[in-house]
Amino acid sequence: GQSLEQPSEVTAVEGAIVQINCTYQTSGFYGLSWYQQHDGGAPTFLSYNGLDGLEETGRFSSFLSRSDSYGYLLLQELQMKDSASYFCAVRDRPDSGGYQKVTFGTGTKLQVIP
Amino acid sequence: DSGVTQTPKHLITATGQRVTLRCSPRSGDLSVYWYQQSLDQGLQFLIQYYNGEERAKGNILERFSAQQFPDLHSELNLSSLELGDSALYFCASSVGELSGELFFGEGSRLTVL
């Protein structure tokens, strides 16, 4: 089967650093993406890791370890506007073959407090 | 603005009815994806098309169907609607089949009464 696990909620203080973890079980893994979604809004792409290591984009960084089936999103210098849901998403190919698809985790609701 | 256009933005209908949701991908994108998001839930993958052909299928109900037309726009048809079908339906697009970045539309909010 296929599964992605993320914490359901995280609370952090403005200006701090927060890490949102994602573990996955899947076959034919190709890459891990992260998306941000504000309440009532559309998901927006943050980062993609196809290879092991750290990808940095401004205040956001994402890490992947394929051997551990694990990744995380790191948000630095938190701002109030970072309060949103964050989803990890796996691109994989099912055991039975066929084409790749993109499956989303259940999301982590981040609340940034003053 | 992601460049992905979805219509209608809001739709209210009754159980048993049929609706069609429309999606226009970003200019140049060949892949279209459909996702369902129920209240406070994650994004459930429904189906993916690439250049007019179905590529991957998720947990899409038999009452639901979709297609991608030669001009690359896509439609998601939902029939025999039930209360549980009330959700936000997102369309996303990407340049290729293997892109790690999806661009999402603003969604179509369906309410079934």
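The basis for the numbers below is simple: all heavy atoms, side chains too, and nothing from hydrogens, waters or symmetry mates. Keep in mind it's a predicted model, so treat the numbers as computed, not measured. So you know, we letter chains A, B, ... as the sequences are listed, proteins then strands, and number each from 1.
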Can you tell me which portion of [X] sits under 4.5 Å from chain A's heavy atoms? Options are side chain, backbone, both or neither.
X	result
B/Tyr35	side chain
B/Gln37	side chain
B/Gln48	side chain

From CA spacing to verdict: side chain to side chain contact (heavy atoms under 4.5 Å, CB included), A/Thr57, A/Glu55: CA-CA 7 Å; A/Thr57 309; A/Glu55 294 283 340; 5.6 Å; no

Proximity of residues 39-53 of chain A to chain B, residues having a non-hydrogen atom under 4.5 angstrom: A/Gly41, A/Ala42, A/Pro43, A/Phe45, A/Tyr48

Pairs of heavy atoms under 4.5 Å with chain A: top-ranked of B/Lys57, B/Glu101, B/Glu106: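 Looking at each option in turn, the highest pair count goes to B/Glu101.
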
Ring-face cation of B/Arg55 near B/Tyr50 (centre distance under 6.0 Å, axis angle within 45°): no

Over 12 non-hydrogen atoms of neighbours within 6.0 angstrom of CD in A/Glu77: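 Atom CD in A/Glu77 is not crowded, with 12 or fewer foreign heavy atoms closer than 6.0 Å.
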
Side chain, backbone, both or neither of A/Tyr30 within contact of chain B (heavy atoms, under 4.5 Å):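 Looking at A/Tyr30, nothing touches chain B.
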
Chain A contact residues among residues 61-76 of chain B, heavy-atom distance under 4.5 Å: none

Can you give me the closest heavy-atom contact between [X] and [Y], atom names plus distance?
X	Y	result
B/Ser86	B/Ser38	O-OG, 4.3 Å
B/Asp85	B/Ser80	OD2-O, 4.4 Å
A/Tyr70	A/Tyr24	N-CE2, 3.5 Å
B/Ala92	B/Leu102	CB-CB, 4.1 Å
B/Ala14	B/Val112	C-CG1, 3.9 Å

Chi angles and distances behind the side-chain hydrogen bond (donor to acceptor under 3.5 Å, both in side chains) call for B/Asn51, B/Glu53: CA-CA 6 Å; B/Asn51 204 20; B/Glu53 293 187 10; over 6 Å; no

A/Phe63 and A/Tyr72: CA distance, side-chain angles, deciding distance, ring pair (Phe, Tyr, Trp, His ring centres under 6.0 Å) verdict: CA-CA 5 Å; A/Phe63 172 82; A/Tyr72 66 72; 5.0 Å; yes

